Amino acid sequence: MKTIYLIGLLSFYLSLPLAAQDILSALVPLSHDVALGRQVSSQVEKDPSIKILSEKDYPKAYEYLRNITKNILESGQVKNAKNFPWEVKIIHDDKTLNAFCTPGGFIYVYTGLIKYLDSEDHLAGVMGHEIAHADQRHSTKQMLESQGVQMLSEMVLGKNQNAIANIAKNLLSLKFSRDDETSADKASVNYLCATIYQSDGAAGFFEKLLKQGQGSGTPAFLSTHPAPANRVATIRADAARRQCKSQTVRRANTYQQLKDSLPK
Ligand SMILES: [Zn+2]
């Protein structure tokens, strides 16, 4: 009965001109995001094709990324800063220029992305973008739309390992809607605006991709993040409009130290 009621409720909500965000908050509690994220992250870590960099062997790199995460969370602009655990893991894969974040804030950054970028601001911009996807619950919304409430609840309880494994796999190539991408870009500027970072950090990454291509790396981020040229202009305009008081220091030295601390 409960299932039928929920499905009925869902179609009722879907028939109303409500924002997707409202439907989501009405049907799925935030704790579901965390439970789902935990399930997905344990799948990611079980995947033999994904090599998580050991924190014991690379404490400096982890400290560096945690510090960026902390600075973003302390901007006061991340809505779910206190609701999600915001854990960071580094994936050892120099050929992939990517980062992703599960629902509930389990962040993954590839060594390929860290090595490709030139400054902490740019990495903070990309991480801000990924944090925004979780903060704004974009993948939870997608899962609700594609799987429905019932399946989502089963996954939260760990009952449907196949579906979770699929989602873990898809997260690596998950496509968000254009609106969600624009919204995550905007949020990245907004978060960074209240930190020590240059608020248009994410644009730095897209700009480098446009200028230099992706080198030997796979275009993972580009396939999930289209139209880099438009995005550079939009992010820059947004940052200028906000008149953020970010520092202009690029902290190039410490960023190089981060790169040097990674496995060669
Ligand atoms: Zn994105």
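Quantities reported herein were computed from a predicted structural model and do not represent experimental measurements. Counting starts at 1 for both ligands and their atoms, following the listed order.
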Worksheet item: Counting backbone and side-chain atoms alike, does Glu181 have an N/O/S atom under 2.8 Å from the Zn ion (ligand 1)?
Response: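 Looking at Glu181, which is the residue asked about, there is an N, O or S atom under 2.8 Å from the Zn ion (ligand 1).
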Worksheet entry | Metal site the Zn ion (ligand 1): N/O/S of His138 inside 2.8 Å |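 No N, O or S atom of His138 is closer than 2.8 Å to the Zn ion (ligand 1), so no.
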Practice prompt. Assign the ring pair Tyr110 / Phe100 to parallel, tilted or perpendicular, where the plane angle (0 to 90°) is split at 30° and 60°.
Written response: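 Tilted.
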Worksheet item: How open is the angle at the Zn ion (ligand 1) from atom NE2 of His133 over to atom NE2 of His129, rounded to 10 degrees?
Response: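 Output for this angle: 90°, rounded to tens.
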Worksheet entry | Summary of salt bridge (charged side-chain N to carboxylate O under 4.0 Å, His left out) pairs that have at least one residue in residues 25-44, sequence neighbours excluded |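 Residue pairs with at least one partner in residues 25-44: Asp33-Arg137.
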Item to complete: Would you mind listing every salt bridge (charged side-chain N to carboxylate O under 4.0 Å, His left out) that reaches into residues 64-81, with sequence neighbours excluded?
Response: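 Salt bridge (charged side-chain N to carboxylate O under 4.0 Å, His left out) check on residues 64-81 returns Glu55-Arg66, Lys70-Glu74.
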Worksheet item: Checking side-chain hydrogen bond (donor to acceptor under 3.5 Å, both in side chains) against Glu207, which of His122, Arg231, Arg236 comes through?
Response: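 Of the listed residues His122, Arg231, Arg236, the side-chain hydrogen bond (donor to acceptor under 3.5 Å, both in side chains) partner of Glu207 is Arg236.
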